[in-house]
Amino acid sequence: MHYAQVQAFDQPPQYLEGPDLPAPADGQVRLKVLASAVHRLVQMRAKGQHFSARTAPLDPSSDGVGIDEATGQIYYIGAFAAATFAEYVNVDKNRLVPIPAGADPIAVAALTNPVSSSWMALSERVKDLPSKFSVLVVGVTGTSGRTAIPVARQFGAGKIIGAARNEKALQALVADGSIDKYIVLDDKLADATAALGHVDVILDYVYGNATATILTALQTGTDVETQYVNIGTIAQDESITLNAQTLRAKKLTLSGSAPGSYSLAAAVQQIPGIVALAATLPKPADVVPYPLSEVARVWDTDEARKKRLVLLPWGQ
Ligand SMILES: NC(=O)c1ccc[n+]([C@@H]2O[C@H](COP(=O)([O-])OP(=O)(O)OC[C@H]3O[C@@H](n4cnc5c(N)ncnc54)[C@H](OP(=O)(O)O)[C@@H]3O)[C@@H](O)[C@H]2O)c1
């Protein structure tokens with residue numbers, strides 16, 4: 001069987017050939033892998049920079065889409081349920097979610113992890129949100145930030161404010177009705193944040209200076225909580241300076257959302273809803289599919305780093 005693995009954390013994954021898989025164990029099924037997306041999480045795992053990836057050799061994949069050749073049913077393969085940089089996987093049946101007929105396996109592979117980021121934050125990491133809550137999505141123009149919009153609407157958001165650096169992209173999101181308002185991550189961020197007034201929840205994909213500025217400037221009331229959830233660090237800055245008075249002067253809770261901050265049982269419970277939503281979304285324009293056999297060549301290209309690489313173990 002062909003598969004791909006990182007042999008050392010300073011090198012791209014290598015395409016390899018090894019023995020076939022053993023027969024599936026009780027409670028498992030054999031799937032032919034159709035697509036495995038290289039999310040930001042997978043990129044971090046491949047570099048040994050994620051808490052779930054500390055030793056090599058390692059298959060850095062997180063999830064994927066595969067077909068049961070006996071029935072023709074296509075499934076989403078849950079996060080860390082199997083090493084999906086491979087032609088075949090044996091997976092526990094309880095980690096599979098059937099994909100609705102007609103859904104694009106590449107789009108579902110590309111979108112389920114991004115959709116899960118805000119879904120798990122809103123289902124597991126915030127409490128007692130008011131009806132028609134307001135949400136500030138920091139990093140709303142990224143793939144995960146964009147999917148946070150339909151997720152927040154599904155969870156009952158009444159007002160969605162987007163934050164990002166690219167004002168044109170923010171204007172487009174307002175123009176097509178995706179978000180209600182935006183603030184720009186620039187040198188006027190503190191004033192723009194203060195002018196927002198209270199927001200019920202902040203979903204943050206960026207972190208770093210932008211987050212410190214937002215938390216400091218936010219004018220939130222003493223009656224209603226603002227619940228901040230860190231989801232990512234696309235600004236590449238894992239630390240912020242937070243004045244103690246910011247914590248004392250506001251009704252603010254701070255948390256984060258990723259596997260580790262919620263249980264596997266919670267993820268298993270939520271994943272059917274996540275996949276159902278992901279299957280309805282259009283494939284993002286920046287998805288770039290490549291055969292898994294080309295992984296070493298395409299891994300470190302500008303295209304793969306900036307766009308959404310999806311690897312296909314059986315080619316195009
Ligand atoms: N915890 C979880 O479950 C989970 C799941 C998925 C993703 N994540 C994390 O969430 C983050 C975003 O993921 P994604 O899939 O949305 O990534 P993405 O699609 O690569 O995000 C790209 C966007 O990030 C913005 N950006 C890039 N560099 C930036 C910087 N230095 N400062 C501010 N904004 C910057 C850019 O928007 P503008 O130029 O318009 O500002 C760009 O469009 C990543 O850190 C990822 O690891 C976490």
Side-chain angles (χ1 to χ4, degrees), residues 37-47 49-53 60-63 78-80 107 109-126 136-152 162-174 178-179 182-187 189 192 202-214 228-240 255-264 266-267 270-271 274 278 281 283-288 302-310:
V38 181
H39 316 300
R40 302 299 166 242
L41 164 68
V42 177
Q43 291 173 333
M44 287 170 77
R45 279 168 52 77
K47 288 190 214 145
Q49 291 172 353
H50 194 261
F51 57 79
S52 64
S61 64
S62 69
D63 56 357
F80 306 130
L111 284 167
T112 301
N113 167 277
V115 169
S116 74
S117 66
S118 50
W119 185 295
M120 294 308 292
L122 290 174
S123 69
E124 306 304 313
R125 304 301 290 150
V126 297
L136 170 62
V137 181
V138 185
V140 74
T141 53
T143 307
S144 300
R146 282 175 190 275
T147 62
I149 299 167
V151 171
R165 299 171 307 178
N166 181 339
E167 188 163 10
K168 275 206 174 127
L170 289 165
Q171 283 167 343
L173 288 173
V174 171
S178 300
I179 61 175
Y182 69 78
I183 56 174
V184 184
L185 303 181
D186 63 9
D187 54 5
L189 178 60
I202 301 174
L203 301 178
D204 181 14
Y205 292 93
V206 174
Y207 214 57
N209 286 338
T211 297
T213 303
I214 288 169
Y228 166 89
V229 189
N230 175 262
I231 302 178
T233 44
I234 202 73
Q236 308 283 337
D237 189 353
E238 291 282 332
S239 308
I240 61 170
S255 71
S257 184
S261 68
Y262 50 76
S263 66
L264 176 62
Q270 296 298 334
I271 198 68
I274 293 168
L281 300 177
K283 184 164 70 181
D286 61 349
V287 164
V288 283
D302 232 32
E303 184 184 43
R305 271 195 304 271
K306 291 187 184 153
K307 296 189 174 183
R308 311 294 298 193
L309 180 62
V310 177

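Whatever order the structure lists ligands and atoms in, that order sets their numbers, starting from 1.
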List the steps and the verdict of side chain to side chain contact (heavy atoms under 4.5 Å, CB included) for Leu185 and Ile214.
CA-CA 9 Å; Leu185 303 181; Ile214 288 169; 4.3 Å; yes

Applying side chain to side chain contact (heavy atoms under 4.5 Å, CB included), run through Leu309 and Val42 and close with a yes or a no.
CA-CA 10 Å; Leu309 180 62; Val42 177; over 6 Å; no

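Here Asn166 has heavy atoms under 4.0 Å from ligand 1 in both its backbone and its side chain.
Judged purely by distance below 3.5 Å, without hydrogens or angles, the side chains of Asn230 and Tyr207 never pair a donor atom with an acceptor atom. The closest side-chain donor-acceptor pair between Asn166 and Thr141, if any, does not fall under 3.5 angstrom.
Nearest protein heavy-atom neighbour of atom 46 (C) of ligand 1: Arg40 CB, 3.5 Å. Nearest non-hydrogen protein atom to atom 19 (O) of ligand 1 is Thr143 N, 2.9 Å. When only non-hydrogen protein atoms are considered, atom 45 (O) of ligand 1 lies nearest to Thr233 N, 3.1 Å. In terms of protein heavy atoms, atom 1 (N) of ligand 1 is closest to Ser257 O, 2.7 Å. The nearest protein atom to atom 44 (C) of ligand 1, hydrogens excluded, is given as Ile234 CD1, 3.8 Å; this is a heavy-atom distance. Closest to atom 10 (O) of ligand 1, if we only count protein heavy atoms, is Tyr205 CD2, 3.3 Å.
Residue Lys283 comes nearest to Ala107 through the heavy atom pair CB-CB, 3.8 Å, listed as atom of the first residue, atom of the second, then distance. Taking each heavy atom of His39 and Ser62 in turn, the nearest pair found is CD2-OG, 3.4 Å. Summarising the geometry of Val310 relative to Ala110, their closest heavy-atom pair is CG2-CB, 4.0 Å, with the distance given to 0.1 Å. For Thr211 against Val206, the heavy-atom pair with the smallest separation is OG1-C, 4.5 Å. The minimum heavy-atom distance linking Phe51 with Pro259 is given by the pair CZ-O, 2.9 Å. For the residue pair Ala164 and Leu170, the shortest heavy atom distance occurs at O-CD1, 3.6 Å.
Here's the thing with Lys306: none of its N/O atoms is less than 3.5 angstrom from an N/O atom of ligand 1. Residue-to-ligand polar distances keep Tyr262 apart from ligand 1: every N/O pair is separated by 3.5 Å or more. Residue-to-ligand polar distances place Ile231 within reach of ligand 1: an N/O pair is separated by less than 3.5 Å. Considering backbone and side-chain N/O atoms, Ser116 never comes within less than 3.5 Å of an N/O atom of ligand 1. Looking at ligand 1, you'll find an N or O of Arg308 within less than 3.5 Å of one of its N or O atoms.
Near Ala235, the atoms of ligand 1 lying under 4.0 angstrom from a non-hydrogen atom of the residue are 30 (C), 31 (N), 32 (N). For ligand 1 and Thr141, the ligand atoms under 4.0 Å from any heavy atom of the residue are 37 (O), 38 (P), 40 (O), 41 (O), 43 (O). Close contacts of ligand 1 with Gly142, meaning ligand atoms under 4.0 Å from a residue heavy atom, involve 16 (O), 19 (O), 21 (O), 22 (C), 23 (C). Ligand 1 places these atoms under 4.0 Å from at least one heavy atom of Ser144: 6 (C), 7 (C), 13 (O), 14 (P), 15 (O), 16 (O). Heavy-atom proximity to Gly232, at under 4.0 Å, picks out these atoms of ligand 1: 9 (C), 10 (O), 11 (C), 45 (O). Those atoms of ligand 1 with a heavy atom of Ala258 less than 4.0 angstrom away are 1 (N). Taking every non-hydrogen atom of Val206 and a distance limit under 4.0 Å, the qualifying atoms of ligand 1 come out as 33 (C). Within ligand 1, counting atoms from 1 as listed, the ones closer than 4.0 Å to a heavy atom of Asn113 are 5 (C), 6 (C).
For atom 33 (C) of ligand 1, the nearest protein heavy atom lies under 4.0 Å away.
The heavy atom nearest to atom 3 (O) of ligand 1, considering only Ser118, Ser117, Ala148, Ala79, is found in Ser117. The option with the heavy atom closest to atom 27 (C) of ligand 1, from among Arg305, Arg165, Met120, His39, is Arg165.
Considering only residues two or more places apart in sequence or on other chains, Ser52 meets the side-chain hydrogen bond (donor to acceptor under 3.5 Å, both in side chains) condition with Arg45, His50. Applying the side-chain hydrogen bond (donor to acceptor under 3.5 Å, both in side chains) test to Ser123 and every residue at least two apart in sequence or in another chain returns nothing.
The distance from the CD1 atom of Ile240 to the OG1 atom of Thr233 is 11.5 Å, given to the nearest 0.5 Å.
With Ser261 contributing its side chain and Gly256 its backbone, the two residues share a donor-acceptor pair below 3.5 Å. Side-chain atoms of Ser257 do not come within 3.5 Å of backbone N or O of Arg125 as any donor-acceptor pair.
Not a single heavy atom of Gln236 lies less than 4.0 angstrom from ligand 1. Ligand 1 lies out of reach of Ala169, whose nearest heavy atom is not under 4.0 Å from it.
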